[in-house]
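So that the names make sense, note that chain A is the first sequence line, chain B the second, and so on, each numbered from 1.
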Amino acid sequence: MAQEDIYHISAFAFKVYDLVIRIPKGKVSSYGDIARALGEPGAARAVGRALNKNPFSPQVPCHRVVKSNGLVGGFFDGYNKKLRLLKQEGVKIKQNRVARECFYGF
DNA sequence: CGTGTGACTCGGT
DNA sequence: GACCGAGCCACAC
């Protein structure tokens, strides 16, 4: 895709964004799940790194991506607010943790 | 071009 | 359940 070149991101990372924005409202996903959905079960780290770069900052709802165990990663401070937002969207939060039933299966 | 690090994950202890 | 080590991909040095 041409957009990758524009933003200097790998096709891999681009797929990550594409997948993340596809996560339905009220659902979340984990780095590993996204990596698996991309056909690279071991690329969870790359997925996280890609989101960290995140040239689409507000466009890509990175707050919908959490750890596999449901725990939220140690992101920047503002993430706590996003948890609140997720809860508002219908995602069940258990003390900084996302309910397993709210995970979106690709 | 080799090494180390990271918003990760898994399996074994 | 917690800790530890190995494996995975992308990137900075």
Closest non-hydrogen atom pair, A:Y17 against A:A50: OH-O, 2.6 Å
Nearest-nucleotide check on DNA chain B, A:R49 vs A:G32; residue mapping nearer the 5' end is A:R49
Value in whole Å for how far the C1' atom of C:dC9 lies from NZ of A:K15: 13 Å
Looking only at C:dC9, B:dG6, B:dT9, the nucleotide nearest the A:S30 side chain is B:dT9
Just to confirm, is there a sub-4.0 Å distance from OP1 or OP2 of C:dC11 to any side-chain nitrogen or oxygen of A:S10? yes
A:R36 vs C:dC8: side-chain N/O to OP1/OP2 distance below 4.0 Å: no
Only one of A:V28, A:L83, A:V65 clears side-chain contact (heavy atoms from CB on, under 4.5 Å) with A:V72; which? A:L83
Could you walk me through whether A:F106 and A:Y104 pass the ring-ring contact (aromatic ring centres under 6.0 Å, His included) test, one step at a time? CA-CA 6 Å; A:F106 290 101; A:Y104 173 63; 5.0 Å; yes
Looking only at heavy atoms, the pair that brings A:R100 and A:S68 closest together is NH1-O, 3.1 Å
Is the phosphate of C:dC9, meaning OP1 or OP2, less than 4.0 Å from a side-chain N or O of A:K53? no
Can you tell me how far C1' of C:dA10 sits from OH of A:Y17, to the nearest Å? 11 Å
Can you measure A:L71 atom CG to B:dC10 atom C1' for me and round it to whole angstrom units? 16 Å
Measure the distance from CZ on A:F12 to C1' on B:dG6 and round it to the nearest whole Å. 15 Å
What is the separation between atom CZ on A:R97 and atom P on C:dG1, rounded to the nearest whole Å? 9 Å
Taking CD from A:E40 and P from C:dC8, how many angstroms apart are they, rounded to a whole number? 11 Å
Round to the nearest Å and state the distance from A:Y31 atom OH to B:dT9 atom P. 7 Å
How close or far is atom P of C:dC11 from atom CG of A:L51, stated in whole angstroms? 13 Å
To check you understand the geometry: which heavy-atom pair defines the closest contact between A:I23 and A:R64, and what is its length? O-NH1, 2.9 Å
A:S68 vs B:dC10: side-chain N/O to OP1/OP2 distance below 4.0 Å: yes
